[in-house]
Amino acid sequence: MKLDSKIPEGPIAHKWTNHKNHLKLVAPNNRPKIDLIVVGTGLAGASAAASFGEMGYNVSAFCFQDSPRRAHSIAAQGGINAAKNYQNDGDSVYRLFYDTIKGGDYRAREANVHRLAEVSGSIIDQCVAQGVPFAREYGGMLDNRSFGGTQVQRTFYAAGQTGQQLLLGAYSALSRQIGLGRVKMFNRHEMLELVKVDGKARGIIARNLITGELERHSAHAVIIASGGYGNVYFLSTNAMGSNVSAGWKIHKQGALFANPCFVQIHPTCIPVHGTNQSKLTLMSESLRNSGRIWVPKKKEDAEAIRSGNLKPTQIAEENRDYFLERRYPAFGNLVPRDVASRAAKERCDAGYGIEANDTNEGVYLDFSTEIKSKGKQAAYAQGNHNPSEEEIIKLGKKWLEEKYGNLFTMYQKITDENPYETPMKIYPAVHYTMGGVWVDYNLQSTIPGCFVAGEANFSDHGANRLGASALMQGLADGYFVLPYTVSNYLADEIRTGKISTDLPEFAEAENNVKNQIDKFLNNNGTKTVDHFHKRLGLIMWNKVGMARNEQGLKQAIAEIAQLKEEFHNEVFVPGSADELNPELEKALRVADFIELGQLMAMDALQRNESCGGHFREEYQDAEGETLRDDINFKYVAAWEYKGSDISKAELHKEELKYEEIKIAARNYK
């Protein structure tokens, strides 16, 4: 199979404009003749469904939640990037493009990333028009803050709930189309199979999660916008329902799965507390604007903290190791996520961790310096040029509360510690997946008529995603890319007519789903789905997690293959198929996670380099930084499904060409 990325010719600054100018169109009077399916209603799916509804197409949108508003996009906290240069600090489309390529460790497609940077400003305009309450500075202009991997302020935000506000904006646009009858919304429905007719995507089989009924839905094209696969690790910052099934189903139907080993570990999450924990909680990267990350310089201090005999506030400034500021002075606490995560792991592995959990893993995120700095500024602005320590701290806390109040409240409710008084405890956790279904420049998979958007595709972030770029990509795909590229595909479908769900391909797909469900329900196993999911998560975290090596990856591949066999023989799924059955839902999803986990380990094993979120211990420099191999591994690894034995998957390579940016060693020092 030869991969054709369909990247347009010409200068990079003009590729997208020229490409749009030559795409085929569907006239307004023909759009009502065409049906579209959108799977997922997060930012990518909701914006796509709303856009196509507004254009006049017939859209069917599906989400497994009880409302599109519960999509996991709602959990994003810190912000959304855009090259507006409101701060007049040197930002530009090129800078956003460059930072994204560099942040992804030179493993992303230039043309896709430049397009993302180009449309970023339009996203902000769209969201402001929808009423998204972005923070504003005193003159009324939209405010910006910094995120990791950049030296400018380009992140637009709405307190610590940016994802929620953006999703409400997209949801309002989607709701309008639902009210007009252009979008038909299927809540509590899960896609369990893609239906192909003559090689083209022509519909899906969905299960009504309330009644258990299997339904056939047809369309002229299918858009998958179902998010990432971080829950393959069991513990992650993802919502517990987040899964890979929609993407994995189309992979098994012929869509290649690209760079599955590129997983982002977010540096600022609340540490694991106990073995019965079911998910982890993200603390926004925006907090690194104001917080300083440190551990004790002395191991005995770390041990005393873990034992409860010493408080962090009792450790003198000279006995604190602000390790990010020490190692990366140019960026300090705002290095990219993969760099910050590995640095925290290194300190904890060396015995300086401060959390009294099973692994002693945790570092501090301390706001005391910011409280004093902002307190002094606030006092001065009020005319008090000689404030007391008490006045400074009071005003500084007030400033922090206005900026991050909901995040601090959330942390205190979870940990029962006051982060204004005591430093936050944080540690890296699985957060985002850069890998996903392979798509070309038009966001079309290797299955004609099957498009993939947002985190579900692999296209824009390379080996590491910069903070605040996930929301940007999801909305860019849904509002400003797919309406052009999908319409180009649909221009040849205006004479096709309604796709019948009575076709034998629909019957076969439905029967395949029914057989899989029946097998789980009739299994004579004795162990729960979570039993296997947790075991998978431990294998993945320990051997395909923040650090990987050849021996561990080979062990992981063998162990997951064994786990898969045990799972299908020994899992117990209670209940029946014709009712609300959460255990059945989980079983179907974990079956896909197990296969994906094996592919992730295989992908990591063949990539003999360290880049971004993929850190092979054999490939690091003397200072513990990543060692890329641009001669042998400057490619997208796209895997073709070759049957239930995942070890037989076939690797295809899309060579990455850098014409606008000179590849260099990533340096944040």
Side-chain angles (χ1 to χ4, degrees), residues 26 30-41 44-45 48-49 52-53 56-64 177-178 181-209 211-226 243-255 437 439 442-453 456-457 482 485-487 489-517 588 592 641:
V26 178
N30 285 324
R31 294 172 196 164
K33 304 173 185 175
I34 294 177
D35 300 322
L36 268 175
I37 284 174
V38 179
V39 178
T41 57
F52 284 107
Y57 292 101
N58 297 316
V59 182
S60 294
F62 295 81
C63 72
F64 64 74
Q177 297 307 313
I178 294 171
R182 294 172 183 157
V183 175
K184 189 172 184 182
M185 190 67 230
F186 293 88
N187 301 337
R188 303 296 283 134
H189 280 67
E190 183 159 27
M191 171 189 163
L192 294 179
E193 188 62 284
L194 179 76
V195 181
K196 292 196 303 183
V197 179
D198 297 329
K200 295 181 178 181
R202 290 305 197 194
I204 66 171
I205 303 299
R207 180 171 180 265
N208 182 323
L209 298 180
T211 67
E213 181 184 0
L214 296 180
E215 301 175 0
R216 306 177 185 182
H217 298 271
S218 68
H220 298 90
V222 176
I223 298 169
I224 304 296
S226 52
N243 63 85
V244 75
S245 286
W248 197 250
K249 300 305 185 193
I250 67 172
H251 172 56
K252 294 172 80 167
Q253 289 282 355
V437 178
V439 291
N442 293 325
L443 304 186
Q444 185 171 220
S445 71
T446 42
I447 300 173
C450 183
F451 295 78
V452 188
N457 73 33
L482 288 174
T485 61
V486 176
S487 291
Y489 173 83
L490 293 173
D492 296 328
E493 298 290 337
I494 59 176
R495 294 182 180 85
T496 300
K498 190 79 173 174
I499 309 291
S500 173
T501 57
D502 293 329
L503 293 170
E505 290 85 351
F506 278 89
E508 181 183 359
E510 182 181 337
N511 194 50
N512 290 341
V513 172
K514 187 176 184 303
N515 288 340
Q516 186 183 21
I517 289 172
L588 294 166
D592 297 329
Y641 183 79

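Only heavy atoms go into these numbers, but all of them, side chains included; no hydrogens, no water, no symmetry mates.
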- Message: Restricting to non-hydrogen atoms, name the atom on Gly45 and the atom on Val38 that form the minimum distance, rounded to 0.1 Å.
- Response: O-CG1, 3.6 Å
- Determine the minimum heavy-atom distance between Ala201 and Leu194, stating which atoms define it. CB-CD1, 4.2 Å
- Validation row: Ile223, Leu482 side chains within 4.5 angstrom (heavy atoms): yes
- Task: Flag yes if more than 12 heavy atoms outside Asp198 fall under 6.0 Å of its CG atom; otherwise flag no.
- Result: no
- Message: Using every non-hydrogen atom in the two residues, find where Gly199 and Pro448 come nearest and quote the distance to one decimal.
- Response: O-CD, 3.4 Å
- Item | NZ (Lys184) with more than 12 external heavy atoms under 6.0 Å | no
- Query: How about Glu190 and Leu588: do any of their side-chain heavy atoms sit closer than 4.5 Å?
  - Reply: no
- Item | Matching residue for Arg216 among Glu505, Glu510, Glu508 - test: salt bridge (Lys or Arg N to Asp or Glu O under 4.0 Å) | Glu510
- Query: Is there a side-chain contact between Lys249 and Asp592 (heavy atoms, below 4.5 Å)?
  - Reply: yes
- Query: With a 4.5 Å heavy-atom cut-off, do His251 and Ser445 have their side chains touching?
  - Reply: no
- Which is it for Cys450 and Ile224 under the side-chain contact (heavy atoms from CB on, under 4.5 Å) test, yes or no, and what are the steps along the way? CA-CA 7 Å; Cys450 183; Ile224 304 296; 4.2 Å; yes
- Message: When you compare the side chain of Asn512 with that of Ile205, does any pair of heavy atoms fall below 4.5 Å?
- Response: no
- Item | Pairwise distance CG(Asn58) to CD1(Ile37) - rounded to 0.5 angstrom | 11.5 Å
- Task: Provide the closest heavy-atom pair for Asp502 versus Ser500 in the form atom of the first, atom of the second, distance.
- Result: N-OG, 3.0 Å
- Approximate separation, where rounding is to 0.5 Å, of Asp35 CG and Leu490 CG: 10.0 Å
- Task: Apply side-chain contact (heavy atoms from CB on, under 4.5 Å) to Ile250 and Val222, showing your working.
- Result: CA-CA 10 Å; Ile250 67 172; Val222 176; over 6 Å; no
- Is the closest side-chain heavy-atom distance between Glu493 and Ile499 below 4.5 Å? no
- Query: Is Val513 close to Arg207 at the side-chain level, that is, under 4.5 Å between some pair of heavy atoms?
  - Reply: no
- Message: Working to the nearest 0.5 angstrom, can you tell me the gap between Asn30 CG and Arg495 CZ?
- Response: 8.0 Å
- Task: Report the C-alpha separation of Tyr57 and Ser487 in whole Å, then their side-chain angles, then the decisive distance to 0.1 Å, and conclude whether the side-chain contact (heavy atoms from CB on, under 4.5 Å) test is met.
- Result: CA-CA 10 Å; Tyr57 292 101; Ser487 291; 3.0 Å; yes
- Is a side-chain N or O of Asn457 found less than 3.5 angstrom from the main chain of Val452, in a donor-acceptor match? yes
- When you measure from the side chain of Asn243 to the backbone N and O of Ser245, does any donor-acceptor pair fall under 3.5 Å? yes
- Between Thr41 and Cys63 the two heavy atoms that sit nearest each other are OG1-CB, 3.3 Å
- Message: Taking ring pair (Phe, Tyr, Trp, His ring centres under 6.0 Å) as the definition, give me every residue that meets it alongside His217, ordered by chain and number, with sequence neighbours left out.
- Response: Phe62, Phe186
- Task: Could you check Arg202 against His220 for side-chain contact (heavy atoms from CB on, under 4.5 Å), going step by step and ending with a plain yes or no?
- Result: CA-CA 6 Å; Arg202 290 305 197 194; His220 298 90; 4.1 Å; yes
- Message: Using a 3.5 Å distance criterion without hydrogens, assess whether the side chain of Arg188 forms a donor-acceptor pair with backbone atoms of Phe64.
- Response: yes
- Item | Minimal non-hydrogen separation, Ile447 against Gly254, with atom names | CG1-C, 3.9 Å
